Chemist: 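One structure, pasted below without further comment.
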Amino acid sequence: MMNIDNVTVIIPAHNRPERLKRLLDYYAGTGIRIIVPDSSDNRYTGSIDSSTTVYIHRPRLHFLHKIKEILPIISTPYVLYCADDDFAVPEAIEEIAWFLDANPDYSVAQGHYLTFIPGKNRITFRPRYIRNFDSRIVSDTAHERLKEKIGGIYAPLLYGVARTDAFRTIYSYCFDNDGELRFENLFLAEAFFNNAMLIMGKYATLPCFFSARERIPGSATSFTTPVSEIKASRQYEGYLTALALLLADKSGMDRTEALDFIRRLEDTPDDKASVLFKRRVNAFLGRHAILSPLAELSVWRYNQKGLKAVKGLKSYPCTFSTPEREAIEKAVSATGR
């Protein structure tokens with residue numbers, strides 16, 4: 001019997017009611033607490049279990065404003081995001097909560113990810129973030145932890161299980177003294193979370209199947225301006241300021257010194273040059289229809305390399321079944337997508 005009533009899942013829903021229903025059905029009976037800040041145009045009309053789930057409809061409200069609104073009602077020691085088109089595995093959530101219980105110097109932890117693509121006859125699973133399946137950031141000071149990730153292995157911390165007190169703290173820095181957002185770009189919001197949680201504590205990846213993420217067109221990031229295009233903007237400066245203020249307050253650094261440190265950090269790529277080059281090539285191929293066969297070949301080669309790297313790992317059940325994977329397949333099949 002699982003015990004995950006010490007964790008709250010935040011589902012930041014937006015205009016995908018069928019995905020929201022699918023995810024709520026998946027968590028039904030687990031006892032996990034759920035908060036749904038829904039910015040959809042229309043209110044969700046499906047069934048809501050009020051004993052475990054709080055639903056709040058705020059049409060077109062910005063993601064960060066949604067989070068600010070729900071911070072006071074999170075009552076559990078741990079919290080995580082699960083997008084409405086993803087599945088964070090309850091068994092893994094429980095394991096990670098145990099880890100955080102035993103390691104109070106860690107602010108966030110997660111496991112291994114799969115990408116899934118529903119088809120007419122079957123659901124295809126592929127490994128995700130395979131370069132990250134054993135990574136940890138364990139330096140004792142905030143600025144050393146931030147430096148530790150430079151040139152390392154990228155995997156977003158945004159969907160990891162986090163300590164609620166750290167979660168509340170970092171988001172308070174996203175707003176200025178007048179309650180206005182320092183930045184709005186969603187890529188910056190993710191980067192802020194990644195860096196801010198490392199300021200708050202250590203990070204671990206555990207060897208468990210943690211989450212399956214659906215690959216579908218039309219996600220928020222597909223129409224979000226890349227950070228590279230807004231580096232001269234006021235909101236980018238607001239992002240740097242938010243991180244610098246948090247770093248100064250948590251480390252004792254002078255605020256000017258902290259801002260200089262954050263600026264240098266952001267000017268250094270998180271990934272190796274070879275990885276960045278491959279990403280640029282794939283982005284170029286994806287922009288030109290005439291090159292689509294090459295783009296498809298690149299994706300195929302990446303998938304094959306990933307499947308070979310994780311072959312047989314229980315935490316990456318791409319080519320074999322586990323009870324956790326079967327539960328996701330059942331949830332997806334029940335909605336016909």
Side-chain angles (χ1 to χ4, degrees), residues 10 12 63-64 67-68 71 79-81 100 105-110 129 131-132 135-176 181-205 220-221 224-231 233-272 275-276 279:
I10 298 173
F63 169 77
L64 290 172
I67 301 310
K68 181 182 181 182
L71 289 178
V79 64
L80 74 149
Y81 288 118
L100 293 172
D105 50 344
Y106 283 74
S107 62
V108 61
Q110 60 187 344
Y129 310 132
R131 296 177 298 118
N132 183 59
S135 67
R136 294 196 178 200
I137 294 179
V138 297
S139 294
D140 289 328
T141 64
H143 69 281
E144 288 295 333
R145 287 192 293 272
L146 291 173
K147 289 195 294 184
E148 195 175 339
K149 80 181 184 69
I150 295 176
I153 298 170
Y154 172 79
L157 309 189
L158 184 65
Y159 296 102
V161 180
R163 295 188 185 278
T164 299
D165 54 355
F167 189 89
R168 284 200 185 98
T169 295
I170 68 169
Y171 279 116
S172 67
Y173 286 81
C174 294
F175 296 84
D176 63 21
L181 270 176
R182 297 186 191 273
F183 55 89
E184 296 183 354
N185 181 279
L186 293 179
F187 288 130
L188 288 180
E190 179 173 319
F192 175 82
F193 187 95
N194 292 345
N195 288 303
M197 290 306 295
L198 291 180
I199 292 173
M200 299 299 294
K202 300 176 182 179
Y203 158 72
T205 306
T221 56
T224 299
T225 305
V227 173
S228 59
E229 297 181 17
I230 59 172
K231 278 209 165 184
S233 70
R234 181 177 180 180
Q235 71 163 315
Y236 185 74
E237 288 300 313
Y239 159 75
L240 296 178
T241 297
L243 279 177
L245 291 174
L246 176 62
L247 178 60
D249 289 348
K250 293 302 174 182
S251 68
M253 294 176 69
D254 175 81
R255 289 187 174 185
T256 301
E257 180 186 6
L259 182 57
D260 289 343
F261 175 84
I262 293 295
R263 199 179 298 279
R264 291 194 303 272
L265 185 82
E266 289 299 298
D267 286 339
T268 306
D270 281 346
D271 268 318
K272 298 177 181 178
V275 174
L276 295 173
R279 286 183 179 168

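In what follows, residues are counted from 1 in the order of the sequence shown. These numbers were taken from a predicted model, which means no experiment stands behind them.
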Chemist: Using a 4.5 Å cut-off on heavy atoms from C-beta on, say whether the side chain of Lys250 contacts that of Met200.
Modeler: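 In contact.
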
Chemist: Report the C-alpha distance between Ile230 and Leu188 in whole Å, list the side-chain angles of each, state the deciding distance to 0.1 Å, and finish with yes or no for side chain to side chain contact (heavy atoms under 4.5 Å, CB included).
Modeler: CA-CA 10 Å; Ile230 59 172; Leu188 288 180; 3.7 Å; yes

Chemist: Any idea which heavy atoms bring Ala196 and Leu243 closest together, and the distance?
Modeler: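 Shortest heavy-atom separation between Ala196 and Leu243 comes out as N-CD2, 3.8 Å.
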
Chemist: Taking C-beta and beyond as the side chain, do Leu157 and Gln110 meet within less than 4.5 Å on heavy atoms?
Modeler: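 Contact flag for Leu157/Gln110 side chains = yes.
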
Chemist: Can you find a pair of side-chain heavy atoms, one from Ile10 and one from Leu80, that are under 4.5 Å apart?
Modeler: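 No, every pair of side-chain atoms sits at 4.5 Å or beyond.
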
Chemist: Which atom pair, heavy atoms only, marks the closest approach of Pro156 to Glu190?
Modeler: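 Pro156 and Glu190 have their closest heavy atoms at CB-OE2, 3.2 Å.
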
Chemist: Is there a side-chain contact between Leu100 and Val108, using heavy atoms and a 4.5 Å cut-off?
Modeler: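 Result no, sub-4.5 Å side-chain heavy-atom pair not found.
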
Chemist: Could you state the interatomic distance from CD1 (Ile262) to CG (Leu246), rounded to the nearest 0.5 Å?
Modeler: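 Result: 8.5 Å between the selected atoms.
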
Chemist: In terms of the angle between their ring planes, are Tyr239 and Phe192 parallel, tilted or perpendicular, with boundaries placed at 30° and 60°?
Modeler: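 Plane angle over 60°, so perpendicular.
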
Chemist: Would a 4.5 Å heavy-atom cut-off, applied to side chains only, mark Val138 and Glu148 as touching?
Modeler: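 Counting from C-beta outward, Val138 and Glu148 do come under 4.5 Å.
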
Chemist: Once you measure the plane-to-plane angle for Tyr81 and Tyr159, does it fall in the parallel (<30°), tilted (30-60°) or perpendicular (>60°) bin?
Modeler: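 Correct class here is perpendicular.
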
Chemist: Measure across Ser139 and Glu144 and return the closest heavy-atom pair with its distance rounded to 0.1 Å.
Modeler: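 Looking at all heavy atoms of both residues, the shortest contact is CB-CB, 3.6 Å.
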
Chemist: Taking atom types as modelled and ignoring hydrogens, do the side chains of Asp249 and Tyr173 form a donor-acceptor contact shorter than 3.5 angstrom?
Modeler: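 The criterion, which ignores hydrogens and geometry beyond distance, is satisfied for Tyr173 and Asp249.
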
Chemist: Going from CG on Leu146 to CD1 on Ile199, what distance comes out if it is rounded to the nearest 0.5 angstrom?
Modeler: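 Going from CG on Leu146 over to CD1 on Ile199, the span is 5.0 Å.
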
Chemist: Of all residues at least two apart in sequence or in a different chain, which pass the ring-ring contact (aromatic ring centres under 6.0 Å, His included) check with Phe261?
Modeler: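 Checked Phe261 against ring-ring contact (aromatic ring centres under 6.0 Å, His included); zero matches.
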
Chemist: Looking at side-chain heavy atoms only, is the closest gap between Leu181 and Asp176 below 4.5 Å?
Modeler: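 Leu181 does not reach Asp176 side chain to side chain.
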
Chemist: Treating Asn185 as the side-chain partner and Val227 as the backbone partner, does any N or O pair qualify as donor plus acceptor under 3.5 Å?
Modeler: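 It does not hold such a pair.
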
Chemist: With a 4.5 Å limit on heavy-atom distance, are the side chains of Glu184 and Phe63 in contact?
Modeler: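 The answer is no, as the side chains (C-beta and beyond) never meet within the 4.5 Å cut-off.
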
Chemist: Do the numbers put Lys68 on top of the ring of Tyr171, so that NZ or CZ is under 6.0 Å from the six-membered ring centre and no more than 45° off the axis?
Modeler: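 Cation-pi check for Lys68 and Tyr171: fails.
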
Chemist: Say you draw a straight line from OH of Tyr129 to OG of Ser135; how long is it, rounded to the nearest 0.5 Å?
Modeler: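 Answer for the OH-OG pair, Tyr129 versus Ser135, is 12.0 Å.
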
Chemist: Looking at Asp254, Asp260, Leu259, which hits side-chain contact (heavy atoms from CB on, under 4.5 Å) with Glu257?
Modeler: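 Output: one option passes, namely Asp254.
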
Chemist: Quick one: do Asp140 and Arg145 make a salt bridge, cutoff under 4.0 Å?
Modeler: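 No.
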
Chemist: Any salt bridge linking Arg263 with Glu237? Criterion: basic side-chain nitrogen under 4.0 Å from a carboxylate oxygen.
Modeler: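 So Arg263 pairs with Glu237 through a salt bridge.
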
Chemist: Calculate, to the nearest 0.5 Å, the distance between atoms CG and CG belonging to Leu240 and Leu247 respectively.
Modeler: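 So the gap between those two atoms works out to 12.0 Å.
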
Chemist: At what distance, to the nearest 0.5 angstrom, does CE of Met197 lie from CD1 of Ile137?
Modeler: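 It comes to 12.0 Å.
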
Chemist: Checking side-chain hydrogen bond (donor to acceptor under 3.5 Å, both in side chains) for the pair Asn194/Lys149: CA distance, chi angles, key distance, verdict?
Modeler: CA-CA 10 Å; Asn194 292 345; Lys149 80 181 184 69; over 6 Å; no

Chemist: Less than 4.5 Å apart, side chain to side chain, heavy atoms only: is that true for Leu245 and Arg182?
Modeler: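 Heavy-atom side-chain distance check passes, below 4.5 Å.
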
Chemist: Any chance you could measure Lys147, atom NZ, to Arg264, atom CZ, to the nearest 0.5 Å?
Modeler: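 So the NZ of Lys147 and the CZ of Arg264 are separated by 9.0 Å.
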
